[in-house]
Amino acid sequence: MKMKKLLATLLAGTMLVGLLAACGDKPGNETQNPVETKDTERTEPYKLGYVDMSSYGATFQAVAKDLEDMCKAANIELVPVQIGGGGSDGMATAYENMINMGIDGVLASSSSEGQVRLMADLFEENDVDWFLVNRRLSDPELEEYVFSQSKLVGNEFCYEEDTAYEVVKRLHEDHGVKNLAVIGLTLGDAAGDLRDKGIAKACEEFGIKMLTETRGIVSASDVTNAVEGIISSYPEVDGIFIVGGLVTNGALAGANQALVNHNMQDKVAIGMIDIAAGMEEYMGEGKPLKVVAGGNLVMDWVIAGACMINNVMGVNTDETPYKLNTRMMFITNPEDAADYSVYYENPNVPMLSGEQWNETLLGKDLETIQAFIDNYSLDYARSMSK
């Protein structure tokens, strides 16, 4: 029995909380025709699925907006599925349900390498295209296996170690940080472990003392408590690095609250991976919180979506899987923080629109897409909105 039929039996009654939605079903799209694809026998629109995590904040809302607009430009049917909880189990169930629903392709992500092989086997057996988003494969054998699968369209990732190194470097050079505390991800998290290496490298290179590490943070109040504990135990602290995770949107508020409680917001610089919406509220005149933040999660998903669409169009003629890497954008002042939220990570306005998708990413080869990533900046984002 094919796995798809088995999943239909096993997963009946376990459908995800969210309803399916499709770009092609939105008002104003009724007259659009499916994109011209490499499959000349296709009569229905190509269905591209992804797990919609908009409930986690503005970043993922911006991801959803960009994917919707890009799919509309390409006449691809986007199928976002909302789930009640995250984590590896939630993702696995989502992908199984997508297959059961007849999805043609999936933008897939995983919090650990352990599930990537299972995902590869799942999509291969069920003849579903897939793109591995924001996950660098550190195991050479796993990478070889994944890239040998016929249904893999590609893989995109950020050099996490380099990003963490850069944040610590900027904290040191811009704000004189010499005594650093880290609020990190859980040990074993693939991205978090690489970021830890980058932090350690920068501390050694610049003579920064690592005071303490706190892990297992899940809420803004946890961050407040963690910073309170750091200040009490290490009064010499002059930098705190919040290394990322789903807590990001509330982490800056939590850290700021603790620093305000001790009148230290102008004495302790904050480094972050992932840029929090509304960051400018804590920076600038009269609010002297010193922040260095790096983020680019929106780009990860935009590039993955573009590559999947290009694969449907037959752009990648030799069908060698795409392999691309993205760069973090860095925010260090309130003006850029505000513009970042307006022109790039905006849940209401896509970073590109209409023909801009076709001019920059859709129908383009690997080199052109990588060049777009490498040259993208906040100034470019501002210019594209005019």
Side-chain angles (χ1 to χ4, degrees), residues 162-185 192 195-245 247-295 328-341 378:
D162 293 348
T163 299
Y165 171 91
E166 181 67 21
V167 170
V168 177
K169 177 175 182 271
R170 292 186 181 215
L171 285 172
H172 176 71
E173 293 182 345
D174 296 351
H175 302 296
V177 170
K178 297 179 180 178
N179 296 286
L180 183 69
V182 172
I183 298 176
L185 298 174
R195 293 173 186 177
D196 288 346
K197 291 181 180 179
I199 294 170
K201 178 182 177 183
C203 285
E204 181 178 0
E205 182 172 331
F206 299 109
I208 299 170
K209 184 178 180 180
M210 174 71 76
L211 299 176
T212 185
E213 298 178 4
T214 303
R215 300 184 186 274
I217 299 299
V218 297
S219 69
S221 61
D222 288 341
V223 176
T224 300
N225 293 334
V227 175
E228 291 273 2
I230 291 167
I231 293 171
S232 298
S233 301
Y234 303 95
E236 72 273 28
V237 64
D238 54 12
I240 297 175
F241 190 175
I242 304 170
V243 183
V247 71
T248 297
N249 283 329
L252 190 57
N256 182 70
Q257 185 60 57
L259 295 175
V260 168
N261 291 345
H262 294 267
N263 195 29
M264 293 183 67
Q265 67 268 38
D266 61 342
K267 299 179 177 65
V268 179
I270 302 293
M272 297 183 68
I273 289 185
D274 294 340
I275 295 172
M279 183 176 291
E280 64 274 13
E281 296 177 12
Y282 305 99
M283 306 163 67
E285 185 176 356
K287 302 174 183 178
L289 194 62
K290 299 177 286 189
V291 177
V292 175
M328 288 284 186
M329 297 172 63
F330 290 93
I331 299 298
T332 59
N333 61 71
E335 293 77 22
D336 284 352
D339 284 353
Y340 180 93
S341 297
L378 191 52

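- Considering all non-hydrogen atoms of both residues, Ser341 and Glu280 come closest at OG-OE1, 4.4 Å.
- Note that CG of Leu180 and NE2 of His172 are 11.5 Å apart. Values are rounded to the nearest 0.5 Å.
- For the pair Met272 and Ala251, the tightest heavy-atom approach, listed with the atom from each and the gap, is CE-CB, 4.3 Å.
- Here the shortest heavy-atom pairing between Ala226 and Thr214 reads CB-CG2, 4.1 Å.
- Minimum heavy-atom separation, Cys203 to Met210: SG-CE, 4.3 Å.
- Interatomic distance, His175 NE2 to Thr332 OG1, rounded to the nearest 0.5 Å: 7.0 Å.
- A donor-acceptor contact shorter than 3.5 Å links the side chain of Asp238 to the backbone of Lys178.
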Going through the checks in order, is the salt bridge (Lys or Arg N to Asp or Glu O under 4.0 Å) test met by Glu205 and Lys201? CA-CA 6 Å; Glu205 182 172 331; Lys201 178 182 177 183; 5.6 Å; no
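- The distance from the CG atom of Leu259 to the CD atom of Glu228 is 8.5 Å, given to the nearest 0.5 Å.
- Nearest heavy atoms, Asp274 versus Ala293: O-CB, 4.5 Å.
- Taking each heavy atom of Ile240 and Val237 in turn, the nearest pair found is CG1-CG2, 4.2 Å.
- Looking at Ile199 and Phe241, their side chains come closer than 4.5 Å, going by heavy atoms from C-beta outward.
- Atom CD1 of residue Ile230 and atom CD of residue Glu213 lie 10.5 Å apart, to the nearest 0.5 angstrom.
- How far CZ of Phe330 is from CD of Glu166: 5.0 Å, rounded to the nearest 0.5 Å.
- More than 12 heavy atoms of other residues, nucleotides or ligands lie within 6.0 Å of CD in Glu236, so this atom counts as buried by the packing criterion.
- You'll find the side chain of Ile275 reaches within 4.5 Å of the side chain of Tyr340, heavy atoms only.
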Please assess Ile183 against Val227 for the test side-chain contact (heavy atoms from CB on, under 4.5 Å), listing each intermediate value before the final yes or no. CA-CA 9 Å; Ile183 298 176; Val227 175; 4.0 Å; yes
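- Remark: Glu281 CD to Leu252 CG distance equals 9.5 Å, nearest 0.5 Å.
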Evaluate side-chain contact (heavy atoms from CB on, under 4.5 Å) for Gln265 paired with Asn263, printing each intermediate quantity in order. CA-CA 6 Å; Gln265 67 268 38; Asn263 195 29; 4.0 Å; yes
